[in-house]
Every structure is written in structure tokens, then in C-alpha cells.
2 protein chains.
Amino acid sequence: MPIRVAIFEDNKLVRDSFEAILNGTDGFICTGSFSSCNSLVHDVKRSQPDVILMDIEMNGINGIEATKTIKQEFPSIKILIQTVFEDDDKVFSAICAGASGYMLKKTSPAKLIEATREVYEGGAPMSPGIASKVLTLFQKFAPPEPKSPDYESSNLSKREKEILLLMMEGDNFHAIAKKLFLSYDTVRTHVRSIYKKLHVASVNQAIVKAFKQRLI
Amino acid sequence: MPIRVAIFEDNKLVRDSFEAILNGTDGFICTGSFSSCNSLVHDVKRSQPDVILMDIEMNGINGIEATKTIKQEFPSIKILIQTVFEDDDKVFSAICAGASGYMLKKTSPAKLIEATREVYEGGAPMSPGIASKVLTLFQKFAPPEPKSPDYESSNLSKREKEILLLMMEGDNFHAIAKKLFLSYDTVRTHVRSIYKKLHVASVNQAIVKAFKQRLI
DNA sequence: TTGTGTATACCACAATTGAGTGAATTATTG
DNA sequence: CAATAATTCACTCAATTGTGGTATACACAA
């Protein structure tokens with residue numbers, strides 16, 4: 001079963017060229033190519049792609065807005081951003097919008113095909129300079145090491161904090177048990193101590209409390 | 001002028017093998033290989049590397065601590081992390097510590113050499129799964145935009161927003177029904193449409209999404 | 001007129017969670 | 001050393017939640 005790819009790209013030449021390359025490569029099929037995002041949701045619904053090649057610089061709705069929309073409506077579709085520029089702002093927005101990869105337009109067709117496959121397989125191909133920017137941005141934004149005073153004073157043990165964190169990721173008890181290599185019942189026991197310490201009585205309330213008090 | 005590489009690696013076999021490969025490849029020279037980080041600063045000073053291949057799992061000072069120290073003492077030296085594991089925690093810590101790349105140990109020698117060169121040239125090579133994790137972590141930690149467009153585009157109806165809000169107060173379905181003068185089953189029906197629109201499958205995840213996207 | 005979305009409500013079954021109780025092992029600390 | 005907390009696991013039972021249907025009614029747009 002070939003990888004279904006849709007293209008959103010201003011430039012007709014580039015668009016047609018991509019389409020030709022994809023259809024000419026074993027294991028790929030271009031199920032749609034569009035010059036704008038004006039009927040984005042409709043177009044995506046019709047072409048049912050696994051991966052979308054998204055130009056970032058487009059008239060009307062730009063590639064980043066489009067990426068956000070697509071990720072909201074079709075979270076499982078992977079999006080590979082294509083751009084001529086590599087400024088921090090664009091990279092940052094694209095990733096926050098939910099892009100799975102970020103390639104410069106100067107990339108060779110062969111590498112683009114390879115990147116498309118990598119995206120499809122759950123990877124995150126990025127042109128070298130981009131990857132480096134991402135790491136820098138990451139270091140800049142990630143580790144403010146928040147640890148509010150409540151976090152310490154909440155008396156949650158290390159294990160309990162781990163579990164609360166996973167609860168805040170949306171994991172259920174079975175998933176947590178699996179991730180932490182614990183038995184289901186052990187997780188439930190820990191959850192009960194969390195409830196006791198936070199004075200709550202459900203996942204629901206524990207998460208709310210954790211968020212509101214910036215506990216994590 | 002060849003790229004000067006130093007190796008920090010527990011396993012003698014792996015260490016010697018890396019050294020042989022580097023010295024056997026044009027454009028590279030191994031200027032030091034060490035089995036621990038016990039005399040880290042001293043060793044780095046002596047070997048004056050451009051790039052360091054750093055094993056993450058080592059006795060004594062581990063690779064992440066070592067990376068921090070090196071980046072502190074010799075900011076211009078690039079560090080390529082090597083690991084067998086790819087859990088979020090390690091990836092996260094390594095990048096925050098200042099690593100320039102993150103390769104799994106199963107990577108082929110050829111790709112490792114290529115990654116070393118890429119690091120030297122200012123890139124950030126990462127094994128596919130790792131790069132993907134980085135993007136995910138990035139999205140997780142990036143500062144949420146103050147006015148999230150998701151609020152408007154979430155398409156939640158008035159009733160659905162009301163109910164989501166009460167869920168975020170920690171109310172259960174019975175409590176919500178009572179507060180809104182609805183039947184228990186009506187609340188559940190609304191909750192189902194909320195899940196559909198937010199692409200989630202539990203109270204748990206709906207609340208997290210609402211908080212993170214500043215939906216309410 | 002038909003379709004779509006919203007709001008309301010009910011039934012039934014499966015899965016998950018909450019609460020009670022008990023118990024063993026390993027830190028940690030007074 | 002003894003007390004305490006943390007961590008681990010198990011079993012039960014009731015309550016809540018998740019998911020599949022089905023149904024009526026209203027409003028608004030194609």
C-alpha cells in the first residue's frame with residue numbers, strides 16, 4: 001500500500017514537479033495537489049493523505065495556519081513543512097502548530113522523498129540547520145525549572161509526582177502502569193495517596209488542582 | 001585539517017572500534033578515548049577535540065553531567081550523545097545539558113561518521129525517533145500563545161463550553177447535570193461531542209487539552 | 001426540501017475508576 | 001532500634017465513565 005501524499009503549494013511548477021516525482025516513485029502516490037488552502041478541510045477530506053507537503057509561504061491562509069487546522073481536524077495526518085526561509089520565528093511556529101518535519105526547499109528530490117517516508121514512519125526529518133535551531137530554541141524555552149513552592153510543599157513523593165504527571169498527559173492507569181513498569185494495582189494505590197495529599201477524590205480534580213496550583 | 005574527535009565510552013570494545021573507525025576515515029582523527037569521566041576536564045584539555053562522542057550510560061559521572069560540565073568549561077566543543085535508550089527524560093536532559101546531537105547506538109558506523117561531521121558543521125543530527133521526541137517535547141514546553149485561536153476555532157457550542165468548564169472545576173457528570181438542570185444522559189451526550197471535537201477519549205484528556213490550549 | 005448542527009433524552013453494555021482492606025519490602029529518620 | 005513513610009502488589013465491590021445505539025425537536029443553510 002503506497003504512502004498517500006497531498007501537496008499544498010503556491011507555485012504551479014513546483015507543485016507539478018512534486019506530483020510527478022511522487023507518482024513516479026515506487027511506494028508513493030499523490031492523492032491531491034492544491035494551490036491554496038481556501039478549501040483546506042474539504043481538500044484534505046477528499047484526498048485522505050497520510051502525509052501532507054505544506055508550503056509555508058502561501059497567499060491567503062498560510063502553511064502554519066493550515067497546519068494548525070489540519071492537526072486539529074485530522075490529528076493523525078503528518079505534515080512536512082517546506083520553506084525557503086529558516087528564520088527562528090517560522091521554525092518555532094511551525095513546530096508549535098504540529099509539523100512533523102521541516103525541510104528547506106533547496107533540498108534535493110531524493111532527500112525530500114526520503115523525508116516524506118521518514119515522516120510517515122514517525123520520524124521528524126529536518127534540514128541540518130533547522131534541527132540545530134530547534135535544539136537552541138528548545139534550550140531557550142524548555143528548562144525554566146519551574147518547581148513552584150507548592151510543588152515541594154505538596155509532599156508528593158517522587159513516584160507520586162511521576163504518576164500525577166502522566167495523569168496530566170491524559171494517560172489512564174493501565175497506560176501509566178505500563179510506562180512505569182508497575183502493576184495496575186500499584187498505580188491505583190499511588191493514585192489514592194495522591195488524592196489524600198491533594199484533598200481530592202477523582203482524576204478530574206487532581207489534574208485541575210495540579211494545573212491551577214502550577215504543581216507540575 | 002581533520003576533525004578532532006574525543007570519545008567517552010564505558011565499553012572497551014565499542015571505544016576501540018570507534019577509535020579505529022575514526023582514524024581510518026579521511027578527515028577525522030581521534031585525539032583521545034576514555035572509559036570514564038573521572039578526570040573529565042583534564043582529559044578534554046589534553047585532547048582538544050572539536051567534537052566529543054559521549055556515551056550517556058556510564059559509571060560514576062554520567063554522560064549528561066559530563067555534557068553540562070564540558071559546555072560550561074569549553075562552550076565551543078560540540079557534543080554528540082550516544083545511547084541505547086531513547087526515553088523522553090534522557091533526551092530532554094541531554095538537550096538541556098547542551099548536546100548538539102543524539103544518536104542511538106544501533107546507528108551504523110557510516111551514519112555515525114556522517115553525524116559527527118554534521119555536528120562539526122553546526123548541524124544537529126538525531127536518530128529519527130529522537131528527532132520526533134524532541135518536537136513533541138518542544139510542543140509540550142513551548143509557551144502557549146496568549147490568545148489561542150483554538151478558542152474560536154474549536155467549534156465547541158455554548159452548551160459544550162459550559163460543560164467543559166464544569167468538568168474543569170472537577171465536577172462529575174451528575175453534578176454537572178444538576179447544575180445545568182439537564183438529565184444525566186444529556187450531559188453524557190454533550191461530553192461525547194466534546195470528545196469528538198477535541199479528538200480525545202476521556203475527561204482526563206479533555207481537561208488537559210483545554211488547559212494547554214487555553215480553550216477556556 | 002434536504003442536510004447539518006445543536007440540544008435534549010433514553011437504553012444497554014463494557015471499561016475504568018474509587019474505596020475498603022490487607023500485606024510485604026525497603027528507605028529514612030528521630 | 002523503633003517508628004514512619006514510601007513503594008510495591010492483590011482482591012473485592014460499587015460508582016463513574018466510555019461507547020454503541022436510537023429518538024425528537026428546532027434552526028439555519030445549501
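Here is the naming used below: chain letters follow the sequence lines, and residue numbers restart at 1 for every chain.
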Residue mapping more 5' on DNA chain C - nearest nucleotide basis, A:Asp171 or B:Ile163: B:Ile163
A:Asn172 CG to C:dT17 C1', straight-line distance once rounded to whole Å: 10 Å
Result block: side-chain N/O donor-acceptor pairs under 3.5 angstrom for residues 27-40 of chain A, not counting sequence neighbours:
unit_1, atom_1, unit_2, atom_2, d
A:Thr31, OG1, A:Ser47, O, 2.8
A:Ser33, OG, A:Glu19, OE1, 3.1
A:Ser36, OG, A:Asn38, N, 3.2
A:Ser36, OG, A:Asn38, ND2, 3.1

Between C:dA7 (C1') and B:Phe181 (CZ): distance, integer Å: 17 Å
B:Asp55 bridged to B:Lys105 by N-O distance under 4.0 Å: yes
side-chain N/O B:Lys197 vs C:dT6 OP1/OP2, d < 4.0 Å: yes
Distance, rounded to the nearest Å, where B:Glu162 contributes CD and C:dA7 contributes C1': 12 Å
Whole-Å gap separating P (C:dA7) and CG (B:Leu164): 13 Å
Geometric class of the A:Tyr184/A:Phe173 ring pair [parallel <30°, tilted 30-60°, perpendicular >60°]: tilted
Salt bridge present between B:Asp185 and B:Arg188 (N-O < 4.0 angstrom): yes
Interatomic distance, B:Lys158 NZ vs C:dA7 C1' [rounded to whole Å]: 12 Å
Contact residues, residues 182-194 of chain B to DNA chain D [heavy atom, < 4.0 Å]: B:Tyr184, B:Arg188, B:Arg192
Criterion side-chain contact (heavy atoms from CB on, under 4.5 Å) on B:Arg159 and B:Leu180, from CA distance to verdict: CA-CA 9 Å; B:Arg159 210 33 150 187; B:Leu180 297 181; 4.3 Å; yes
Reference residue B:Glu160; test salt bridge (Lys or Arg N to Asp or Glu O under 4.0 Å); the match among B:Arg192, B:Lys197, B:Lys196: B:Lys197
Sequence-distant partners of A:Lys45, salt bridge (Lys or Arg N to Asp or Glu O under 4.0 Å), two or more places apart: none
Considering all heavy atoms, the nearest B:Met126-B:Val134 contact: SD-CG2, 3.8 Å
Rounded distance [0.5 Å steps], NZ in A:Lys78 versus CG in A:Leu53: 14.5 Å
Distance, nearest 0.5 Å, that separates OH of A:Tyr102 from CD1 of A:Ile81: 7.0 Å
Bounds of contact between DNA chain D and chain B, in 5' to 3' order, using a heavy-atom cut-off under 4.0 Å: D:dT16 to D:dG21
Contacts of B:Glu65 that satisfy salt bridge (Lys or Arg N to Asp or Glu O under 4.0 Å) - sequence neighbours left out: B:Lys68
Whole-Å gap separating P (C:dT16) and NZ (A:Lys178): 12 Å
Range-with-range stems for DNA chain C, at least three Watson-Crick or G-U pairs under 3.5 Å: C:1-30 with D:1-30
Protein-nucleotide distance (A:Asn204, atom CG; C:dT16, atom P), rounded to Å: 18 Å
Separation of atom OH in A:Tyr195 from atom C1' in C:dG20, rounded to whole Å: 16 Å
